Amino acid sequence: MKTAAEYEASLRELNLNVYQFGKKVENVVDDPIIRPSMNAVAATYDCAHKPEYEDLMTATSHITGKKINRFTHIHQSTEDLVKKTKMCRLLGSITGCCFQRCVGMDAMNALSMTTFDIDAKYGTEYNKRFLAYLEFVQENDLVCDGAMTDPKGDRSLPPHKQPDPDMFLHVVEEREDGIVVRGAKAHQTGAVNSHEIIIMPTISMREEDKDYAISFALPSDAEGITYIMGRQSCDTRKLENGNIDRGNVLYGGHEALVVFEDVFVPWDRLFMYKEWDFAGQLVEQFASYHRQSYACKAGVGDVLIGATQTIAEFNGAQKASHVKDKIIEMNHLNETLFCGSVACAAEGHKEKSGTFLVNTLLANVCKQNVTRFPYEISRLAQDIAGGLMVTLPSEDDYRSPEVGKWVKKYFKGNDEVDTEDRMRMLRLIENLTLGTAAVGYLTESMHGAGSPQAQRIMISRQVNLKEKQKVAKRLCGITKDDE
């Protein structure tokens, strides 16, 4: 398994084509805006080498029998699924942000099942290809960027009816040695911190959409792939002097638009090719895994709750009964998020491929809670922190020879706490609820792994209403129905 230092060195060997603020980024690893997100991924390597985290962070490969990073593992039991949940919470609490490796892990687990099922129906060899690829990923301890979300264009139209066919990534040429694809994937978390990019279809498809029903993996620096970095609230604070105003001084996340401009894919890297009838299965299995992965938000919630309790003490308000009650409510909501992820893992089952899949109903319930609870936790955090969180002068003002003395004087809270420490804690809460980390903690909680409505649709499909009606009728004495 790679160390954090080896991971960083491996990124320096990549030749990524990355743009930010309209300019090409020549040194992606050391770019001050991107670097904190790389640090967060590096933490997944660092923790895998710490004895106290070994049980959660590592696993045994079902292919080679070797010890591997859990992020490259295919779940072999419900115990594996539960450990994944606990690992996600752990890393969320360590980094206070998105650590970016879940999406690749979830993509590989979904592909381990879908490729097996395609082969069973059509006699193809996708699963054999996939397992060879998986062993390569495990042996080299690689970060894989799972790419599912297409720009989609006109949402009322299927892929084959789009005025611009590139709104969904698709095949434009078939060659003897492979295929050529064109299109884009949007909102790609951790894209430029990844060694590989795994492409999946984004929706269920019809036969007319078969050119869009493709899944493959490529090196992230393959010819024809361009990354355009997304903006985050307060992102340019990382370019300023000092680090107080950043909030999280160690870690961060990033997202990118990934453009595929006539990119070649060799046959041995192709895991689905025009099997349109399996696109929906791959989407649903991936989404179920990824909705479980939002246990990470409970880890970030741990950080926010800790920051909120601390700022209450720094403000001298920690003994107020309403503050105590709000902290209790924050913990209640946060633990409920964790419960949902644990439950869908513990109730998982073995698929025909041998891979264990989470309980899809409970995974969708888990993610539905995630679309709501972090917002309420953030509201309570802002309530307790006070308005100073958003009106605080800058670090430059704090250190100014002319006005710094007044910032130190008038923004003092508890007399035993340095003004700088109070400022740092307020900036961390701002970072989590309004700043760069709010991308992952709030908006990603809403739309990541599918919008809230996507989960509600899945819940409606999974819940057995007829059985519930049958029980109710029996108990109240209705016997005229056949059941």
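Counting from 1, the numbers follow the sequence of the chain as shown. Note that the coordinates shown come from a computational prediction; the quantities given were computed from them, not determined experimentally.
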Which residues pass the ring pair (Phe, Tyr, Trp, His ring centres under 6.0 Å) test with H195, not counting sequence neighbours? Y7

Min side-chain heavy-atom separation Q100-V143 under 4.5 Å: no

Residue pair R89 / N334, side-chain heavy-atom distance below 4.5 Å: yes

L434 versus M389: any side-chain heavy-atom pair under 4.5 Å? yes

Under 4.5 Å between any side-chain heavy atoms of D117 and K121, yes or no? no

Close side-chain approach of S220 to L14, heavy-atom, < 4.5 Å: yes

Does some side-chain heavy atom of Y273 sit less than 4.5 Å from a side-chain heavy atom of V171? yes

Verify whether one side chain among Y122 and D277 offers a donor that lies under 3.5 Å from an acceptor in the other. yes

L134 versus S112: any side-chain heavy-atom pair under 4.5 Å? no

State whether the side chain of N69 and the backbone N or O of F71 hold a donor-acceptor pair below 3.5 Å, judged by distance alone. yes

Partner residues of Y133 under the ring pair (Phe, Tyr, Trp, His ring centres under 6.0 Å) criterion, sequence neighbours left out: F271

Got R424 and N243 here, is their nearest side-chain heavy-atom distance under 4.5 Å? yes

Which of these, L81, T360, N359, sits in a side-chain contact (heavy atoms from CB on, under 4.5 Å) with E347? N359

Any donor-acceptor N/O pair, R291 side chain to C366 backbone, under 3.5 Å: no

Where the side chain of T44 meets the backbone of A40, is there a donor-acceptor pair that is under 3.5 Å apart? no

Among L270, D268, V263, I197, which residue satisfies the side-chain contact (heavy atoms from CB on, under 4.5 Å) criterion with F216? L270

Aromatic contact, H290 with Y294 (centres under 6.0 Å): yes

